[in-house]
Amino acid sequence: MAVNRPPQGSSSPARPLFARVYLALLGLVAVAVIIRFCILDLSDPFKCRALISGGTWRDTPEPAGAGLPKLWQPKGCMLRKYKQKDVAGCLSGKRLVFAGDSTIRQVFWAVAQTLDGSVDPERGDKHSDQEVSMNGAKIEFIWDPWLNGSKLSAELEYFSNDAGPPALLLAGSGLWYAKYAEKAAWPAAQWKAAIDSIVKHMPPKPAQPRSSMLLLAPVPVPVWDKLSDDNKRLILPEEVGLMNEYLQELSIMTPSTGILWAFNEVMAGMPQAADGSGIHAVPAISKLKAELLLNLRCNAERAEVYPYDGTCCNTYAGPNYIQWLLLTAAFLLAWKAAGTSGLGSAAPESSATSTPSTTRLGLRLQSAFGRLRQALPRGKELNAILVFLLAVVYCFYTDRTQIFNKIHKHYKPHDFFVLTFIAILLAPLTTITATSDQPFLGRDQTDEWKGWMQIIILIYHYTGASKVAWIYDIVRLLVSSYLFMTGFGHTVFFITKGDYSLQRVASVLVRLNILSLVLPYMLRTDYLFYYFAPLVTFWFIVVYTTMRVGRRYNKNTKFLLIKILISAMVVTFVVKKEGILDTVFWALEGLARIHWDVKEWRFRVALDMWIVYVGMVSAVVFVTFTSSSSANSTTTSPHILQKLARPAVVASWVVLPTYIYLQTSSAPALFADKFAYNKAHPYISPLAILAFIVVRNSTKKLRNTHVKAYAWIGKISLETFTLQFHIWLAGDTKGVLDLGVFGEGGVGWWANFLVVTTVFLGVCWEVAGGMGGVVAWVVGSSGGGAAGQQKTQAGPRRPRLPVFPGSKGGDVEMGSLGKSAGGEAGEGVKAEGSGGEGGAGASPLQQKPGNLKLRLVIGFLILWILNLTWS
């Protein structure tokens, strides 16, 4: 990933150090995963053998007699929990055959019940053939404990002749031989002959996705203490051991032999995994065995559908033309940038002059090509777009290929609280107190607020803490806080600046959405999957529309408040009234092939229905109680605020601790689960957020102090919120990214976390630093309205890295966040985010205000065509 060097004169020693560490780790990651994938995983590139060969329990098995663990982890890949609809789609028109003894029959019934939950495993004679058909799928069980019957032989011949074999055939036995065979003839020898007759029909290559699979189950190892006296006498440990040793030899001598060792691994060391017979698995383990088989056979069948949470034995879909275009663009830009004097420097102008054309057509063509050439990104804009595209390509290789491993999340309170404690330690190490009095909700304070909230949200996602109700409730409050800042910041901007220009709106929307619009094409997801950007975009449009209607009367406080109330009523009606959003989404699907989940979107919006309006009202109150002598003044009216300050501070110091206590200690009594909390959340979240704001600004010391590390994360929070889905988490947030070089537990988990997190933050830092150049190129650095007339620094600027106390930095009042083309509000456009290359560096298209509309029309046309031709 290219690094934009810090501006000259920057004295922060951490800046180049972080860049060197991040780039070094990124290089090591690339080398390590390529070596692992190309050498160590060469024989198993799709993780099929990893699925059948074994795995570990992520949650430590309980002592004998206690409950069962719940999360099985194959090496380097993730299991998907299949439901009836998924299984029916995968197995439609296919046959699955199971042959063997009662242990194989258990797996057969577990698969059959996944396909059809009404199936009764107790039906018919246990020692007989069974068959289940549904939705075009056919599952057969052949009762053949000796593995030498004619039906099994006929099925095996299909594999040898490649004449329509079943999609999967699983055979297994062994304990039947140990129990009923003639002891004088040594049961293992008879069993060996039966196994050899099956192995000779196996394909020459190991199990591959979408291919017919012939598999053997290992001989189950009984729980010896649970065996009946007769079984203890007949089933001998040494015989079972010899049988499995022979299967091990086959695996070594012929790697293509498919033996499901995972069947024994899931029960190893857990007496509670077997039922009272000591031989058969309990239903939960039988279901897991069925899931292993379904993942083996079905993951590749749904390679076109996200979330890609079944990564074992999965080929992933090959790139379509849009993905190839993005990949090609990234590599061509990298090649072009490498050919200049350096990334971030402007490309030298060619000294050669073309011969002017003397014809009218020639002059027009030369003019058109000249304009096209000038409209293409150059210099720092080229660098910014290159960084952006490389980040998108990195997302593709991490989450849409088998190059990187993916493992399941598993919530452990220890991991969650240790990571939270480490985050808290950043506060005393990077706390800075301003030398001058800071404004209410100043830039540093809001960046810090966004930063520590983002850290908690990241930890919450990485550790899988959504299963814990009180943590979920707290995170919901944090998301609401972001939306509060959106309502507050944009409203203050519109009141004080009155800039409703297209340049302003386009800059904000592009800044918010460029990642969330490009990633769906590259990762085969959809826009609403990255829910935060769509959510903030929706509310920005609501705030903009509310403030723009009747804007000439916005100085009238009563008019503003009534207008906000009407807006809240209209939006609530539109969101909650069945049929309105449904019609909009139906139209989008018909016109542009946009397939969005209206129920999910309605849930997301309704969950925070009021907090944006609370932010807007707070902004009106904030502006009203500032001196009218200057729109940017923060000198408040003391005779009013002093009367309100003390009661507000006292109330806030009561409300905030009470809220936290009720959430962490008494939440089960107040809210039975997260669904009960969701109903109350829109009404109680404003109290906690307003209380926090008052407490945070209750004293001069608190107002003037902020944590630099948190503020740095806050400056890149939009990037971390979006990119975490693919380069920190994995499987579309269902798992976490694993390099596959440290191990999957203990110290290895922490080592992987440290490296992947450093690279993740580095990539987000790069993208955030170059986003100004991307926005400048898309919407143009100049345009109509006040926003277009602001001076901006040429090229992308990167958020400063946190340093230890002692450095100084400027502060920008929250009410003044919109001083440039895309002033930041909540998660809006930062001042540097709307900048571009001004002056001589700007192209003619950027210098003409009318061309912004043309750019936007072209952009929407491109998106529309991409949607219509998307495959």
Side-chain angles (χ1 to χ4, degrees), residues 49 52-54 97-108 127 129 141-161 165-166 168-207 212-224 227 230-268 278-281 289 293:
R49 186 182 300 175
I52 68 176
S53 62
V97 177
F98 298 79
D101 58 15
S102 57
T103 60
I104 301 299
R105 184 178 61 219
Q106 267 197 313
V107 181
F108 159 78
H127 295 174
D129 299 344
F141 172 69
I142 301 172
W143 171 252
D144 189 359
W146 302 106
L147 298 180
N148 60 0
S150 58
K151 285 189 177 181
L152 175 58
S153 297
E155 295 291 348
L156 293 173
E157 287 299 325
Y158 290 139
F159 282 91
S160 295
N161 301 328
L168 183 146
L169 192 157
L170 173 65
S173 185
L175 295 184
W176 190 270
Y177 275 90
K179 185 174 180 180
Y180 293 109
E182 288 290 337
K183 297 298 179 181
W186 190 54
Q190 303 172 48
W191 170 85
K192 176 178 175 296
I195 293 297
D196 289 342
S197 67
I198 296 175
V199 171
K200 70 179 183 181
H201 294 280
M202 286 189 170
K205 294 183 179 180
S212 296
M213 300 178 181
L214 175 55
L215 304 170
L216 280 171
V219 180
V221 179
V223 178
W224 303 104
L227 292 180
D230 286 343
N231 283 339
K232 286 180 180 179
R233 177 173 55 84
L234 295 172
I235 303 175
L236 304 179
E238 54 268 26
E239 289 183 346
V240 174
L242 286 171
M243 292 178 183
N244 282 324
E245 284 179 12
Y246 180 69
L247 292 177
Q248 290 280 8
E249 292 175 5
L250 287 177
S251 297
I252 296 172
M253 295 174 59
T254 310
S256 62
T257 304
I259 301 176
L260 277 159
W261 293 108
F263 276 21
N264 279 4
E265 291 291 324
V266 297
M267 300 180 66
I279 295 175
H280 301 108
K289 292 179 179 181
L293 291 175

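Residue numbers run from 1 in the order of the sequence given.
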Would you indicate whether the side-chain heavy atoms of Trp143 and Arg105 approach each other to under 4.5 Å?
yes
Side-chain contact test, heavy atoms from C-beta onward, threshold under 4.5 Å: evaluate it for Lys179 versus Arg233 and give yes or no.
no
Are Leu169 and Phe159 packed together at the side-chain level, in the sense that at least one heavy-atom pair is separated by less than 4.5 angstrom?
yes
Is the shortest side-chain N to carboxylate O distance from Asp129 to Lys151 below 4.0 Å?
yes
Under a 4.5 Å cut-off applied to non-hydrogen side-chain atoms, are Ile198 and Leu216 in contact?
yes
Between Thr103 and His280, does the side chain to side chain donor-acceptor pair (under 3.5 Å) criterion hold? Intermediate values first, please.
CA-CA 6 Å; Thr103 60; His280 301 108; over 6 Å; no
Does Trp261 form a side-chain contact (heavy atoms from CB on, under 4.5 Å) with Asn244? I'd like the steps, not just the answer.
CA-CA 10 Å; Trp261 293 108; Asn244 282 324; 4.0 Å; yes
Look at the side chain of Asn148 and the backbone N and O of Ala194, then say whether any donor-acceptor pair between them is shorter than 3.5 Å.
no
Salt-bridge test for Asp196 and Lys192: reply yes if a basic N is under 4.0 Å from a carboxylate O, no otherwise.
yes
Show, in sequence, the C-alpha distance, side-chain angles and deciding distance for Thr257 and Leu247, and conclude whether the side-chain contact (heavy atoms from CB on, under 4.5 Å) test is met.
CA-CA 9 Å; Thr257 304; Leu247 292 177; over 6 Å; no
Going by heavy atoms in the side chains, are Arg49 and Pro255 under 4.5 Å from each other?
yes
Under a 4.5 Å cut-off applied to non-hydrogen side-chain atoms, are Val219 and Leu175 in contact?
yes
Closest approach of Pro166 to Val97 (non-hydrogen atoms, all atoms of both residues)
CB-CG2, 3.8 Å
pair Leu168-Leu214: side-chain heavy atoms closer than 4.5 Å:
no
Residues Trp176, Trp191; criterion side-chain contact (heavy atoms from CB on, under 4.5 Å); working and verdict:
CA-CA 9 Å; Trp176 190 270; Trp191 170 85; over 6 Å; no
Does the side chain of Phe263 come within less than 4.5 Å of Val107's, by heavy atoms?
yes
Tell me the closest heavy-atom pair linking Ser256 and Lys205, and the distance in Å.
CB-C, 3.6 Å
What distance separates Leu170 CG from Ile142 CD1, expressed to the nearest 0.5 Å?
11.5 Å
Atom OH of Tyr158 with >12 non-hydrogen neighbours under 6.0 angstrom
no
Value rounded to 0.5 Å, distance of CG in Leu260 from CD in Glu265:
11.5 Å
To the nearest 0.5 Å, atom CD1 of Ile279 lies from atom CG of Asn231 at 4.5 Å
To the nearest 0.5 Å, what is the distance between CD1 (Ile195) and CG (Leu250)?
8.0 Å
In terms of heavy-atom contacts, Gly174 and Met243 come closest through O-CE, 3.5 Å
In Å and rounded to the nearest 0.5 Å, what is the CG to CD1 distance from Leu147 to Ile104?
8.5 Å
Determine the interplanar angle of the Tyr177 and Trp146 rings, folded into 0 to 90°, and report it as parallel if under 30°, tilted if 30 to 60°, perpendicular if over 60°.
perpendicular
Atom pair CE/CG of Met202 and Leu156 - distance to nearest 0.5 Å
9.0 Å
